[in-house]
Amino acid sequence: MIAFLRQVFAYPFMVRALVVGGIVALCAALLGVTLVLKRYSMIGDGLSHVGFGTLSIAMALQMVFPAFANIHSPLLLSLPIVVVAAVLLLRLSANSSIKGDAAIAIVSSSALAIGIIAASLTAGMNIDVMNFLFGSILSITGTDVVLSCLVAVLVLGLYIVFFNKIFAITFDENFAKATGTNAGTYNTLLAVLTALVIVVGMRIMGAMLISCLIIFPAITSMRIFKSFKAVVVCSAGVSLFCFFTGMLLSFGIPTLPSGATIVVVNLAVFLVFSAMGLLLRHRAKP
Amino acid sequence: MPLITCQNLTMAYDKRIAVQNVSFVVNPGDYLFVIGENGAGKSTLMKGILGLMKPVSGHIEYNGIAQKQIGYLPQQTMVQKDFPASVQEVVLSGCLNSTGLLPFYTAGNKAQAAAALAKLGIASLQKRCYRDLSGGQQQRVLLARALCATSKLLVLDEPVAGLDPIATTEMYSIIQQLNQSGITVLMISHDIHSAVTYGNKILQLSGHEVFFGSTAQYLQTQPGHRMMEGHPL
């Protein structure tokens with residue numbers, strides 16, 4: 001086992017992927033608890049598709065206009081757009097005539113379509129596009145590592161400082177507003193942080209699979225735990241465990257794609273927790 | 001000096017007027033029932049008082065109480081039905097209006113939460129999970145949270161909706177005790193008979209103000225007669 005781990009850490013790209021992925025898994029799990037409970041699960045999915053669209057456009061621009069090739073990482077272009085999309089999606093689901101899930105589906109499929117057209121018109125559906133869609137640990141650069149560390153500090157810091165407020169706006173937004181908590185600000189903050197995590201994370205997980213990191217750990221923890229704090233802590237643990245297990249599995253068995261393996265590990269842990277939850281409930285009843 | 005004075009208040013949803021030209025006062029110690037049919041504007045009026053919606057015209061004056069120091073008991077939402085939260089966490093969140101930017105709860109907050117639970121006879125539920133409780137117990141937990149937010153005024157939005165008859169009677173008796181201990185109560189309700197039994201004042205709405213005054217006066221008026229006959233005992 002130790003020899004295996006030593007082998008893993010001998011590859012710089014694996015170290016980068018583990019650092020960036022671990023951070024993304026942790027942050028996504030924390031934000032995911034709130035998003036799932038507020039019935040915003042699909043925002044993660046919608047944003048990742050917007051992320052894919054912007055990455056494809058950034059790549060197309062680099063091909064058509066050589067001037068854009070100087071942009072160090074296409075992430076820098078997609079980051080601000082996805083953040084804006086996050087705020088818009090939140091507003092849209094809160095107060096428009098098109099209701100939440102439908103609004104997200106419209107934005108999500110449109111962004112995906114535009115991204116595919118942009119890619120097809122320039123480079124064709126090449127390996128880069130596949131990487132955006134399904135993730136690739138080889139594409140993680142030094143910029144991604146720095147970016148993910150910044151995101152981690154931001155998300156963890158704000159989550160701890162505003163933990164009680166986040167609980168209040170998740171459990172009962174109207175009560176929180178009535179007693180002077182500025183729910184709108186905290187909602188926007190959550191949306192922006194989610195956007196950051198998704199943009200950084202979709203390089204590893206792929207646009208199609210990143211929402212797994214947001215939704216699975218929270219749902220899994222809720223099978224067993226009964227307080228908000230316990231669910232948050234357990235989600236963080238479950239998410240990290242599933243991420244590292246999935247990564248090591250896909251390293252050990254090279255034919256396994258990393259992103260998809262992480263999702264399947266998450267599914268397995270979810271099933272185990274569900275069975276345990278059923279058992280516990282069965283036992284609680286005499 | 002009234003706690004709350006509303007003058008010629010008009011509230012609207014997306015430019016559609018929900019309730020207009022309402023004037024009333026809430027005095028310390030009052031037990032005011034706001035009654036009316038569905039769509040009469042009761043909830044909209046309450047949102048105005050709580051600051052969740054801005055009035056189109058008219059104004060609301062607060063005396064000796066800040067808007068955010070009103071203890072609000074909302075109706076239960078879908079989100080809460082399967083929410084993993086301990087009773088302690090829910091009740092403590094009522095203290096947030098006094099913690100400011102402090103990232104954690106103080107020992108004082110925790111004592112206040114424990115006292116609120118004890119006052120409502122549910123101290124034993126403190127460690128339980130909110131979603132595992134019965135409807136009546138959940139309602140008491142939310143009332144305890146409201147008590148953490150206020151020492152003066154409770155605003156209750158149909159607090160007995162969906163409760164069984166026993167839990168309903170218990171809820172009314174708890175609220176009556178709270179009122180007798182000096183807390184002002186403003187309750188939104190459909191139940192005219194409870195309004196007459198427990199309340200000292202009644203505000204009846206129907207898109208506009210139909211009646212405002214004491215319960216005794218209400219029983220003498222046309223709308224009072226009609227409402228009482230519409231729902232025979």
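Every chain is numbered from 1 and lettered A, B, ... according to where its sequence line falls, protein lines coming before strand lines.
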**Q** Looking at every heavy atom in both A:Asn174 and B:Leu52, which two are closest together, and how far apart are they?
**A** O-CD2, 3.7 Å
**Q** Measure across B:Glu89 and A:Lys229 and return the closest heavy-atom pair with its distance rounded to 0.1 Å.
**A** OE2-N, 2.9 Å
**Q** What do you reckon, is NZ of B:Lys81 surrounded by more than 12 foreign heavy atoms closer than 6.0 Å?
**A** yes
**Q** If the plane angle is over 60° it's perpendicular, under 30° parallel, otherwise tilted; pick one for A:Phe167 and B:Phe83.
**A** perpendicular
**Q** For B:Ala85, which atoms come within 4.5 Å of any heavy atom of chain A: side chain, backbone, both, or neither?
**A** both
**Q** What residue, out of A:Phe162, A:Phe175, A:Phe228, A:Phe225, has the most heavy-atom pairs lying under 4.5 Å from chain B?
**A** A:Phe175
**Q** So which heavy atom on B:Asp132 is nearest to which on A:Lys226, and how close?
**A** OD2-NZ, 2.5 Å
**Q** For A:Ser221, is it the side chain, the backbone, both or neither that has a heavy atom under 4.5 Å from a heavy atom of chain B?
**A** neither
**Q** I'd like to know whether OH of B:Tyr172 has more than 12 heavy-atom contacts from other residues, nucleotides or ligands below 6.0 angstrom.
**A** yes
**Q** Is it the side chain or the backbone of B:Tyr105 that comes within 4.5 Å of chain A heavy atoms, both, or neither?
**A** both
**Q** Is any side-chain heavy atom of A:Met222 closer than 4.5 Å to a side-chain heavy atom of B:Asp82?
**A** no
**Q** Grab the two heavy atoms, one from B:Val79 and one from A:Thr170, that are nearest each other, plus how far apart they are.
**A** CG1-O, 3.9 Å
**Q** What residue, out of B:Val90, B:Thr77, B:Leu50, has the most heavy-atom pairs lying under 4.5 Å from chain A?
**A** B:Val90
**Q** Non-hydrogen atoms of chain A under 4.5 Å away: do they reach the side chain of B:Thr150, the backbone, both or neither?
**A** neither
**Q** Grab the two heavy atoms, one from A:Asp172 and one from B:Arg145, that are nearest each other, plus how far apart they are.
**A** OD2-NH2, 2.8 Å
**Q** Does a side-chain heavy-atom distance below 4.5 Å link A:Lys165 with B:Leu96?
**A** yes
**Q** Let me know if B:Leu102 has heavy atoms under 4.5 Å from chain A in its side chain, its backbone, both or neither.
**A** backbone
**Q** Side chain from CB out, backbone as N, CA, C, O: work out which of these in A:Phe171 comes under 4.5 Å of a heavy atom of chain B, or both, or neither.
**A** both
**Q** What option among B:Gln80, B:Arg131, B:Arg128 has the most heavy-atom pairs under 4.5 Å with chain A?
**A** B:Gln80
**Q** Quick one: does A:Asn164's side chain have a donor or acceptor within less than 3.5 Å of a partner on B:Ser93's backbone?
**A** no
**Q** Specify the closest pair of heavy atoms between B:Ile70 and A:Thr179, including all atoms of both residues, with the distance to one decimal.
**A** O-CG2, 4.1 Å
